[in-house]
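Both backbone and side-chain heavy atoms feed into the values below; hydrogens, waters and symmetry mates do not.
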Amino acid sequence: MELILNKSVQGRKGIMFPPLDVPRAKKLNEKYLREHDAELPSVSEPEVVRHFTNLSRQNFGVDSNFYPLGSCTMKYNPKFTERVASGERFTSLHPLAPQLAEGARFTQGALEVVSNLEGALSKITGMDAFTTQPAAGAHGELTGVMLIAAYHRQKENKKKHILIPDSGHGTNPATAAIAGYTVKTIPSDDNGVMDIDEFKRLLNKDTAAVMLTCPNTLGVFNPRVKEISHLAHEAGALMYYDGANLNAILGKVRPGDLGFDVVHLNLHKTFATPHGGGGPGSGPVGVKKELIPFLPIPRIRKTKKKMFELDFEEPLSIGYISPFYGNFAVMLKAYAYILLLGKNGLVEVSENAVLNANYLKHHLSKHYETPYSKNCLHEFVISASRQAKKGVRAIDIAKALIDEGIHPPTVYFPLIVKEAMMIEPTETESKETLDKFIEVMVNLARLAESNPKIFKTFPKTTPVNRLDEVKAAKDMNIAG
Ligand SMILES: *Cc1c(COP(=O)(O)O)cnc(C)c1O
């Protein structure tokens, strides 16, 4: 699309300034003066409105249509929570308003919200304490693994590696490596869960932790997870739960009861903040009591006078990980969402997420290879390998879906499935939307049989068509 600067016509205006009602400055210091005029477009108001409206129409969001991007939980988030978070009493709170001792009376409401949210997340996951400071899932993972490292250091345990199944999210091995551990990858077995024999072979006294996503990215819940926790603990390792996609088990199963010592959640997936768009996010971390002393500072405490305040005095803490206690607006939305739904509502979230995923899986498995055919939880993986024999690959089906007004699923992940298409409908979609998606996917499977070549022409309806994907990520100048 043309840049707004190119639409500029000298002298054209879109705004009128009010008359100057302060004295004109006599002389400004030369060094503060511009050397050149600011490069601003001279355009009329309707030109500005049309420019940005048209730009926004090139975007795709959950507010546009179905967005079954596996592992990302692109669900509809109620506008109610946005209203709560934009309440003036919260938005006009200065981030440096006092949060200590007597001064904390100015920030009681905000501190109470965060404290209550940490309590609610502890209850939901069966952990003993939470910090809501990390600003993303991967940031939560890093915080969690740093807690694990601090724990082992304090116990003088010499630990070297972290065990991660090959279906794990890419951030898991990246986090373990950044925290200074080597990564040992465990293959999946035919049921799509971590190979238990290989796990037992690799688990030893050097194992710092086992990082599990359960259900994993294939939507499969590991039925032996308690046994795995037990074995890990016996070897002196801790259990890490990647709970980015908690809406598979919300209100049903608590990671704390399965033997996990550390968990991170993605509020910007499960708890009413949209995922994607580059943030803001929130990846709170919950721990069992042995790890509480290591949590990042500050901590929120309730004093004897029943006041909330920030506490910076934790000698064993891993230190600061976020400015201003993380992304407060995301916490507000999560807290409002949890209060709005209540216990029964949270249970309904996971029941509907799982029902919707199984409904889609059942219908699509007649037309697409389904490598792990048992029932799934919140998401599942199908493969375009049957279509690929005709030359139609997962990426081609993804591009065709764009022309149908539907966001493609996650493709080529997890890496263990060839031509993977990872589909997560989420709990917020109606049966009509799911049926429409099934109809589109079935038609595309038929088209792949009858006219495979046509797929290379998709997408036709987008501002840009097939891109060089590496260049699109690394060289984003598309003005030409
Ligand atoms: C999304 C996701 C993450 C990472 O979360 P970010 O906020 O994108 O850093 C980690 N693990 C799993 C399973 C996820 O789905």
Side-chain angles (χ1 to χ4, degrees), residues 125-131 134 137-138 140-189 193-217 220-244 249 253-265 283 285-296 316-318:
T125 55
M127 305 307 281
D128 295 320
F130 251 85
T131 173
E141 287 175 44
L142 182 62
T143 306
V145 175
M146 284 166 68
L147 294 172
I148 289 171
Y151 169 88
H152 286 310
R153 251 196 321 276
Q154 212 239 344
K155 294 228 174 297
E156 298 187 2
N157 297 338
K158 299 240 177 320
K159 299 287 186 181
K160 295 192 182 125
H161 64 249
I162 293 190
L163 301 181
I164 305 174
D166 60 1
S167 62
H169 196 270
T171 49
N172 293 181
T175 296
I178 287 181
Y181 290 107
T182 50
V183 174
K184 295 207 174 175
T185 307
I186 305 172
S188 304
D189 68 14
V193 296
M194 183 169 81
D195 186 310
I196 191 100
D197 295 326
E198 196 54 19
F199 167 70
K200 286 181 184 161
R201 200 177 69 74
L202 291 173
L203 178 72
N204 59 37
K205 63 174 182 20
D206 292 337
T207 310
V210 183
M211 273 182 111
L212 281 189
T213 310
C214 190
N216 62 17
T217 52
V220 184
F221 190 90
N222 190 326
R224 297 174 77 170
V225 61
K226 274 188 159 172
E227 182 188 344
I228 292 167
S229 295
H230 181 68
L231 291 169
H233 287 148
E234 266 190 350
L238 294 181
M239 290 292 290
Y240 184 97
Y241 184 86
D242 180 337
I249 61 163
V253 177
R254 307 192 315 163
D257 299 334
L258 300 174
F260 287 94
D261 305 288
V262 183
V263 3
H264 92 264
L265 309 178
V285 171
V287 294
K288 285 285 175 61
K289 57 176 181 310
E290 307 81 66
L291 288 132
I292 292 177
F294 307 105
L295 283 170
L316 294 178
S317 166
I318 58 167

*Between L142 and T175, is any pair of side-chain heavy atoms under 4.5 Å apart?*
yes

*Should L203 and L163 count as side-chain neighbours, where that means a heavy-atom distance under 4.5 Å?*
yes

*How long is the span from the CD1 atom in I186 to the CE atom in M194, to the nearest 0.5 Å?*
4.5 Å

*Closest heavy-atom pair and its distance - T171, A138*: CG2-CB, 3.8 Å

*Please walk me through it: do V285 and M127 pass side-chain contact (heavy atoms from CB on, under 4.5 Å)?*
CA-CA 10 Å; V285 171; M127 305 307 281; over 6 Å; no

*Report yes if the side chains of L291 and L238 come closer than 4.5 Å at any heavy-atom pair, otherwise no.*
yes

*Return yes if some donor-acceptor pair links the side-chain N/O of N204 with the main-chain N/O of D206 below 3.5 Å, else return no.*
yes

*Indicate yes or no: at least one non-hydrogen side-chain atom of D242 is less than 4.5 angstrom from one of H264.*
yes

*Can you tell me how far the CD1 atom of I228 sits from the SG atom of C214, to the nearest 0.5 Å?*
8.0 Å

*Side-chain heavy-atom pair V287, D128 within 4.5 angstrom cut-off*: no

*Show your working on side-chain contact (heavy atoms from CB on, under 4.5 Å) between V210 and F199 and close with a plain yes or no.*
CA-CA 10 Å; V210 183; F199 167 70; 3.8 Å; yes

_Looking at every heavy atom in both H233 and G259, which two are closest together, and how far apart are they?_
CE1-O, 3.0 Å

_Side-chain heavy atoms of L212 within contact of F260, under 4.5 Å_ = yes

*Look up atom CG in D189 and atom CG in N222, then write down how far apart they are to the nearest 0.5 Å.*
8.0 Å

_Working to the nearest 0.5 angstrom, can you tell me the gap between L265 CG and Y241 OH?_
8.5 Å

*Are any non-hydrogen side-chain atoms of L258 and K226 less than 4.5 angstrom apart?*
yes

_For a quick test of reading the model, state the closest non-hydrogen atom pair linking Y181 to H152 and the distance between them._
OH-CD2, 4.2 Å

*To the nearest 0.5 angstrom, please state how far the NZ atom of K205 sits from the OG1 atom of T207.*
9.5 Å

_Does either side chain, that of T185 or that of D166, offer a donor lying less than 3.5 Å from an acceptor on the other one?_
no

*Less than 4.5 Å apart, any side-chain heavy atom of T143 and any of P296?*
yes

_Over all atoms of both residues, closest heavy-atom pair of N172 and M211_ = O-SD, 3.8 Å

*Taking all heavy atoms of Y240 and all of E141, pick out the closest pair and write down the distance.*
OH-CA, 3.1 Å

*In terms of heavy-atom contacts, does NE2 of H230 have more than 12 from other residues, nucleotides or ligands at under 6.0 Å?*
no

*What are the two closest non-hydrogen atoms of F294 and L316, and how far apart are they?*
CD2-O, 3.4 Å

*Look up atom CD1 in I162 and atom OG1 in T182, then write down how far apart they are to the nearest 0.5 Å.*
8.5 Å

